Amino acid sequence: MKRLWLGIIAACLLLPMVASAGPEDYRFPREPGTTKDGYPLPLTGVPITKTPVITRTADTVVKKYPEHYIPGKETLAKDEMRITACGTWGPAPMRIGQGASCLLVQLGNGDTFIFDIGGGTVGNLFALGVHPAELDKVFVTHLHLDHVGGIFPLFDAMGWARNTPLHVWGSSGYSPELGITAFTQHIVAASEWHIQNKQSILPRGGMTIVPHEVDISKFSPDHPREIAYDKNGVKIYAFPVIHALAGAMGYRLEWNGLTFVYTADSQPSTFEAEQGKGADVFIHEIFPSAEEFAHYNHMPLQAAEGVMEEHTTPAELGQVYTIAKPRLGVGSHFTLDDNLIDPLFRRWRTTYDGPVLLMQDLTTINVTSDYIVVRQTRADLLAWPAPPPPPQEGLDLTTGEPSKAKTPDWLIKTGISDNK
Ligand SMILES: [Zn+2]
Ligand SMILES: [Zn+2]
């Protein structure tokens with residue numbers, strides 16, 4: 001009895017500690033709160049914007065959405081586009097709460113596209129209720145590793161998950177070794193050990209990558225963009241941007257009267273602003289100052305200034321959006337920090353006063369011709385893959401030859417098994 005009472009007393013003492021330990025929802029690990037200027041804090045389940053709902057006119061009726069987007073529980077309307085950030089950070093050490101660059105774009109016609117596949121993003125991607133077999137189209141802006149470093153785990157969604165090739169679009173490059181074909185060939189070649197093992201166990205269909213090159217030599221002032229994808233009513237154009245080496249590109253997706261533009265990394269230019277004209281949603285990089293970047297990454301200021309030369313300040317992004325006039329202007333590729341949010345928006349507002357959003361991981365944007373709604377996704381941290389799509393006609397599920405690289409017999413003989 002004494003032990004029971006001690007237990008009850010201990011539980012009573014502990015309860016208030018548990019209750020005050022933090023928010024109950026581990027997917028939004030921080031208490032709700034705002035910055036001094038009234039912007040929501042990161043990781044609190046609220047998108048970082050003061051305009052989460054944008055309507056075409058004052059009396060536009062907006063569909064009632066749940067507070068959070070919960071994958072698998074919400075049907076996309078036939079005329080609707082959904083954009084979700086799977087990663088929003090960039091060229092610096094990765095963070096648990098912010099993967100590198102990656103976007104998932106879903107259309108009401110059932111099509112799904114990935115834009116960039118940075119490291120630390122594939123877990124978010126797989127948690128969005130889309131089966132890996134349908135995550136097979138990736139559009140790469142450029143080959144900096146914060147935009148392609150997550151390709152291995154996406155490629156690995158093979159063997160009864162994606163039994164068909166992964167398709168990757170990207171630039172032809174200044175020379176062949178700098179192009180998307182060489183890159184994907186190297187990824188497959190570097191996976192040789194994995195493939196030699198899996199090919200006799202699993203269908204070989206998913207163990208290849210099909211590159212789709214955009215020929216950058218075709219770009220000119222008279223030919224500013226090149227069609228990269230044209231199927232099922234979806235057109236995706238590529239256009240050049242100024243960033244690092246030749247071959248960095250942005251994309252413009254047009255479908256059902258809706259337009260999504262993504263430039264990832266780029267120095268600001270009137271050219272890219274022109275390519276973004278008429279966009280419903282325009283997602284562009286936004287960068288802290290060289291001093292801030294140097295401070296958070298413990299790097300010399302001179303090196304940070306070198307990085308800055310290849311990127312865009314908030315005031316410069318405002319100038320791009322002043323020309324492009326998107327319904328929603330989005331900044332991504334930014335170090336999220338409570339202390340940087342207000343300064344960023346203040347700088348942004350010096351040159352632009354349209355609706356803007358600072359993207360964090362799992363920010364979701366629903367777009368229709370009448371309205372745009374921004375929320376945070378409430379993804380299950382232990383999500384299993386969504387049900388698979390119906391098998392494609394002619395799907396080859398055959399396996400290959402076993403590898404000759406067998407474990408030596410003397411080592412096999414030491415194995416321990418339930419069957420022995
Ligand atoms: Zn980047
Ligand atoms: Zn880059």
Side-chain angles (χ1 to χ4, degrees), residues 10-54 64-74 82-90 92-104 120-121 123-129 286 288 292-293 295-297 314 328 330-349 355-366 372-383:
C12 291
L13 288 172
L14 279 173
L15 268 177
M17 290 170 63
V18 172
S20 62
E24 287 175 13
D25 195 328
Y26 51 80
R27 289 162 291 199
F28 306 133
R30 304 182 73 206
E31 295 281 4
T34 55
T35 62
K36 215 169 151 208
D37 290 353
Y39 290 96
L41 293 172
L43 308 185
T44 60
V46 186
I48 306 172
T49 178
K50 288 188 179 176
T51 52
V53 179
I54 299 159
K64 182 112 182 70
Y65 289 89
E67 182 185 2
H68 298 117
Y69 168 54
I70 302 179
K73 301 263 189 252
E74 197 175 303
R82 185 197 288 134
I83 303 160
T84 303
C86 297
T88 54
W89 178 217
M94 212 180 297
R95 316 163 83 196
I96 292 176
Q98 213 185 7
S101 300
C102 177
L103 298 165
L104 179 70
T121 65
N124 283 341
L125 200 52
F126 285 170
L128 292 180
I286 194 166
E292 290 158 345
F293 192 73
H295 168 75
Y296 284 98
N297 293 293
L328 175 63
V330 183
S332 189
H333 206 265
F334 184 81
T335 311
L336 276 181
D337 186 275
D338 295 359
N339 296 319
L340 290 179
I341 291 172
D342 286 347
L344 174 136
F345 278 106
R346 280 182 210 158
R347 291 170 208 160
W348 209 346
R349 287 298 183 207
V356 288
L357 160 74
L358 183 59
M359 238 180 177
Q360 59 185 317
D361 288 13
L362 296 177
T363 296
T364 293
I365 309 169
N366 284 72
I372 295 173
V373 172
V374 187
R375 294 171 292 166
Q376 283 302 117
T377 298
R378 193 168 175 170
D380 187 343
L381 295 185
L382 292 174

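For the numbers below, each heavy atom of this structure counts, side chains included, while hydrogens, waters and symmetry mates do not. Predicted model, so just to flag it, every value in this text is computed and none were measured.
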Side-chain ion pair, Asp342 and Arg349, N-O less than 4.0 Å: no
Distance-only donor-acceptor check, side chains Thr363 and Gln376, under 3.5 Å: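 Yes - a donor-acceptor pair under 3.5 Å links their side chains.
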Side chain to side chain, [X] and [Y], heavy atoms closer than 4.5 Å:
X	Y	result
Cys102	Asn124	no
Arg82	Thr364	yes
Trp89	Ser101	no
Leu103	Met359	yes
Leu362	Arg378	no
Thr377	Pro71	yes

Has Ile96 got more than 12 heavy atoms of other residues, nucleotides or ligands less than 6.0 Å from its CD1?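 Count not over threshold, so no.
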Rounded to the nearest 0.5 Å, how far apart are [atom1] of [X] and [atom2] of [Y]?
X	Y	atom1	atom2	value
Tyr69	Thr84	OH	OG1	6.0 Å
Ile83	Asn366	CD1	CG	9.0 Å
Asn339	Glu292	CG	CD	9.5 Å
Leu125	Cys86	CG	SG	4.5 Å

Could you tell me which non-hydrogen atom of [X] sits nearest to which non-hydrogen atom of [Y], and how far apart they are?
X	Y	answer
Gly97	Leu43	O-CD2, 4.1 Å
Leu340	Tyr296	CD1-CE1, 3.7 Å
Ile341	Pro42	CD1-CD, 3.6 Å
Trp348	Val330	CH2-C, 4.1 Å
Pro47	Pro40	O-CG, 3.3 Å
Ala100	Met94	N-CG, 4.3 Å

Answer yes or no: is there a donor N or O on one side and an acceptor on the other, between the side chain of Asp361 and the main chain of Thr88, under 3.5 Å? yes
Is a donor on one side and an acceptor on the other found under 3.5 Å between the side chain of Thr34 and the backbone of Tyr39?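 Side chain of Thr34 to backbone of Tyr39, a donor-acceptor pair under 3.5 Å: no, none is there.
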Might you work through the side-chain contact (heavy atoms from CB on, under 4.5 Å) test for Leu328 and Ile365, ending with a clear yes or no? CA-CA 10 Å; Leu328 175 63; Ile365 309 169; 4.1 Å; yes
Given Leu344 and Leu358, is the side-chain contact (heavy atoms from CB on, under 4.5 Å) satisfied, shown in steps? CA-CA 9 Å; Leu344 174 136; Leu358 183 59; 4.3 Å; yes
Please work out which of the three classes, parallel, tilted or perpendicular, describes the rings of His68 and Phe28, given edges at 30° and 60°.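 Tilted.
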Across all chains, not counting sequence neighbours, the salt bridge (Lys or Arg N to Asp or Glu O under 4.0 Å) partners of Arg27 are Asp25
Hits for salt bridge (Lys or Arg N to Asp or Glu O under 4.0 Å) against Arg375, two or more places apart or cross-chain, chain-then-number order -> Glu74
Are Ile48 and Gln360 close enough, and set up right, to give a side-chain contact (heavy atoms from CB on, under 4.5 Å), and what steps lead you there? CA-CA 8 Å; Ile48 306 172; Gln360 59 185 317; 3.6 Å; yes
I would like to know whether Phe345 and Asp37 meet side-chain contact (heavy atoms from CB on, under 4.5 Å); could you show each step before the answer? CA-CA 9 Å; Phe345 278 106; Asp37 290 353; over 6 Å; no
